[in-house]
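Scroll down for the structure; my scribbles are underneath it.
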Amino acid sequence: MGNTGSQSTHWADIHADKIVRDRGPLTPTKSHFTCASGITPSGTVHIGNFREIISVDLVVRALKDKGVPVRFIYSWDDYDVFRKVPKNLPDPDTFRQYLRLPITRVPDPWDEYDSYARAHEKRLEEVLPTLGIAPEYIYQTERYTASHYAKGIRVALEHRDTIRGILNEFRSEPLPAEWWPVSVFSRFTGRDSTTVLSWDGEWGLTYRCDDSGREETVDLRSADCVKLPWRVDWPMRWKEEGVDFEPAGKEHHSAGGSFDTARRIVESVYGGSAPVTFKYDFISIKGMGGKISSSLGNVIDLNDVLAVYQPEIVRYLFAGTRPNAEFAISFDLDVIKIYEDYDRCERVYYGLDEVGEKKRAKESRIYELSQTGDVAKEAPVQIPFRHLCNVLLITAGDIDAALARFGDFTEEDLKRHRVRAACAWNWTQNHAPEDFRFSLRSSSDDPVDIDDAALVCVRRLAEELEANFDDHDEKSLQEFIYASARENGLEPADFFTAMYQVLVEKEKGPRLSGFLITLGRDTVLDILKPYRKG
RNA sequence: GGGCCGUUAGCUCAGCUGGUAGAGCAGCAGACUCUUAAUCUGCGGGUCGAAGGUUCGAUCCCUUCACGGCUCACCA
């Protein structure tokens with residue numbers, strides 16, 4: 001069933017092949033390939049940011065599946081400046097005082113973690129393992145403040161004019177001659193409102209703090225306050241870590257964009273070469289239109305998605321879509337279809353559904369890449385999402401009670417089903433259309449008003465179910481309902497309406513006969529009890 | 001202005017190492033005494049945006065053009 005050979009046309013495998021081809025071969029001094037990802041945690045790490053991580057993870061998986069040693073690094077660019085106060089903070093105004101500080105020096109607005117940056121980082125780091133993603137995190141604040149990049153910074157200073165020339169080719173306003181390829185956080189105020197005055201040609205850098213007017217000279221080998229601007233920082237780190245693969249958002253991938261200038265800088269300044277890359281497009285949220293933006297208040301993060309989609313299906317969404325295609329994550333009725341698509345993909349993988357060979361190969365590979373760990377040897381038992389939603393509505397969200405209705409499961413299966421059930425329940429409560437939802441009535445509720453003809457039919461149905469419930473299947477019960485309505489001079493449609501009133505106090509509900517059977521004899525009789533007397 | 005990406009059945013899209021095009025939804029027909037987009041069965045000749053080129057053969061490769069979109073030219 002494995003499909004990891006070189007014939008796979010999945011994009012992750014194609015890029016893995018390209019990495020091995022362009023960046024190989026491995027040698028005693030190069031023992032593995034390095035795949036990198038990273039972002040600035042300057043706000044909520046949303047599902048759009050996640051695309052980069054999962055894209056790299058999928059390529060990492062593809063490399064591992066080939067038996068190639070690989071290192072997956074994730075850079076938290078948390079030595080970046082707090083440039084603007086997001087509108088979604090609890091108390092935005094008090095945060096204005098922190099502008100221009102590195103985001104690791106800004107407090108956590110929710111007061112849980114050490115810093116603003118850490119708060120965003122931690123929330124993502126905690127959830128990634130559930131998706132089977134485990135990168136090696138690199139914190140740029142730590143690196144820079146430990147002077148880890150002293151050499152790289154010095155190299156940038158040595159090639160100041162070259163770098164300025166490269167950047168100026170694409171700028172509308174050329175950088176002035178006195179520009180330096182570094183920025184400094186003032187050691188007097190912590191802010192990056194500083195001006196570099198001179199460099200001694202070795203390790204000494206002199207700057208002036210614009211706010212206090214004070215000047216000082218720092219040694220790059222011990223300074224904890226000097227960093228490179230993004231367009232220089234990126235290529236420096238490519239060289240530093242030996243990055244072989246790193247995708248980037250489309251805002252970076254155009255002529256004159258940061259990937260382009262980084263490529264030229266790594267080649268002409270750092271003596272390296274740009275990694276294999278690809279461009280990934282944005283993610284949108286169906287029904288919320290446009291880009292994800294914290295200022296618009298439509299930030300959807302990974303936890304929001306995991307609340308509705310089980311981890312395998314989150315991976316499936318990304319594994320099954322080419323990175324350079326924009327796509328929308330849906331929270332509406334599409335959710336049901338996505339679950340059905342995934343279950344179908346699973347059946348194809350295990351040979352339970354017949355499809356063409358080409359399609360089988362493609363779907364199988366997507367399935368493998370969607371798993372958070374190893375692929376199960378035997379096909380897992382499936383519980384259709386839609387049905388699961390209905391059963392959960394019957395049990396009022398009691399997950400174990402709902403699953404018990406599907407039979408006995410192994411502990412392993414139960415564990416997985418609980419995750420799906422939690423998603424299903426969450427979806428019915430927070431996203432499903434009103435028509436889809438219901439809550440079951442019981443004998444302790446006051447009976448609803450229904451007319452006499454309907455009442456007769458309800459009683460008749462109750463008697464029938466009491467006596468012959470086990471003899472009925474969906475079809476025979478259906479026939480009984482119709483016949484019984486007609487016998488009592490009632491339009492079947494009116495009887496249906498009455499039954500839904502009785503059961504869920506709504507005009508409509510799940511297909512009645514199947515619904516009754518799903519509810520079970522005792523539950524139905526209990527609900528009908530108040531209608532049987534007098 | 002530069003770069004990138006699209007343009008395939010009414011709609012949403014698959015089709016990516018070239019061999020005369022497919023899936024879902026919608027629609028049509030039939031079945032079901034039926035009720036939520038989601039019962040079952042059957043039905044898909046659409047100039048694969050346009051024009052050239054390469055090839056025995058192109059939706060898939062090359063060139064040009066048209067239309068649509070994105071992105072860079074501030075900061076990251």
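Quick note on labels: first sequence line is chain A, next is B, and so on, each numbered from 1.
Near-neighbour residues of RNA chain B inside residues 170-180 of chain A, defined by a heavy atom below 4.0 Å, number-ordered: A/F170, A/R171, A/S172, A/E173. Only A/W230, A/R231, listed by number, bring a heavy atom of residues 230-237 of chain A to less than 4.0 angstrom from any atom of RNA chain B.
Annotation: salt bridge (Lys or Arg N to Asp or Glu O under 4.0 Å) contacts of A/E505 (sequence neighbours excluded): A/R441. Every residue meeting the side chain to side chain contact (heavy atoms under 4.5 Å, CB included) condition with A/N430, not counting sequence neighbours, appears here in chain and number order: A/N426. Partners of A/R437 by salt bridge (Lys or Arg N to Asp or Glu O under 4.0 Å), not counting sequence neighbours, listed by chain and number: A/E434. Taking A/E121 as the reference, A/R118 meet the salt bridge (Lys or Arg N to Asp or Glu O under 4.0 Å) condition, with sequence neighbours excluded. With sequence neighbours excluded, the residues that form a ring pair (Phe, Tyr, Trp, His ring centres under 6.0 Å) with A/H387 are A/F406. In terms of the ring pair (Phe, Tyr, Trp, His ring centres under 6.0 Å) criterion, residue partners of A/H253 (sequence neighbours excluded) are, by chain and number, A/F259. Scored by the salt bridge (Lys or Arg N to Asp or Glu O under 4.0 Å) test, A/D78 finds no partners at all (sequence neighbours excluded). Annotation: ring pair (Phe, Tyr, Trp, His ring centres under 6.0 Å) contacts of A/F278 (sequence neighbours excluded): A/W11, A/H15, A/F245.
Side-chain atoms of A/W76 and A/E142 form no donor-acceptor pair, as typed in the model, at a separation below 3.5 Å. The closest side-chain donor-acceptor pair between A/S75 and A/Q140 falls under 3.5 angstrom. A donor-acceptor contact closer than 3.5 angstrom links the side chains of A/T261 and A/R231.
Among the nucleotides B/C70, B/C34, B/C72, the one closest to the side chain of A/Q478 is B/C34. Distance from the side chain of A/D80 is smallest to B/A76 among B/C70, B/A76, B/G3.
Paired runs in RNA chain B that reach 3 or more consecutive Watson-Crick or G-U pairs, where each pair keeps both distances under 3.5 Å, cover B:1-7 with B:66-72, B:10-13 with B:22-25, B:27-31 with B:39-43, B:49-53 with B:61-65.
Look at OH on A/Y482: it is 14 Å from P on B/U39, rounded to the nearest Å.
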For nucleotides 14-16 of chain B, list the nitrogen or oxygen atoms of the protein found under 3.5 Å from its nitrogen or oxygen atoms, one pair per line.
| residue | atom | partner | partner atom | Å |
| --- | --- | --- | --- | --- |
| B/A14 | OP1 | A/R322 | NH1 | 3.4 |
| B/A14 | O2' | A/K362 | NZ | 3.3 |
| B/G15 | OP2 | A/R322 | NH1 | 3.2 |
| B/C16 | N4 | A/R322 | NH1 | 3.4 |

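Straight-line distance between the P atoms of B/C75 and B/U7: roughly 34 Å, to the nearest whole Å. A distance of about 49 Å separates the P atoms of B/U17 and B/C34, rounded to the whole Å.
Ring-centre distance between A/Y79 and A/F185: below the 6.0 Å cut-off.
One finds a salt bridge joining A/R164 and A/D161 here, because a Lys/Arg side-chain nitrogen approaches an Asp/Glu carboxylate oxygen to under 4.0 Å.
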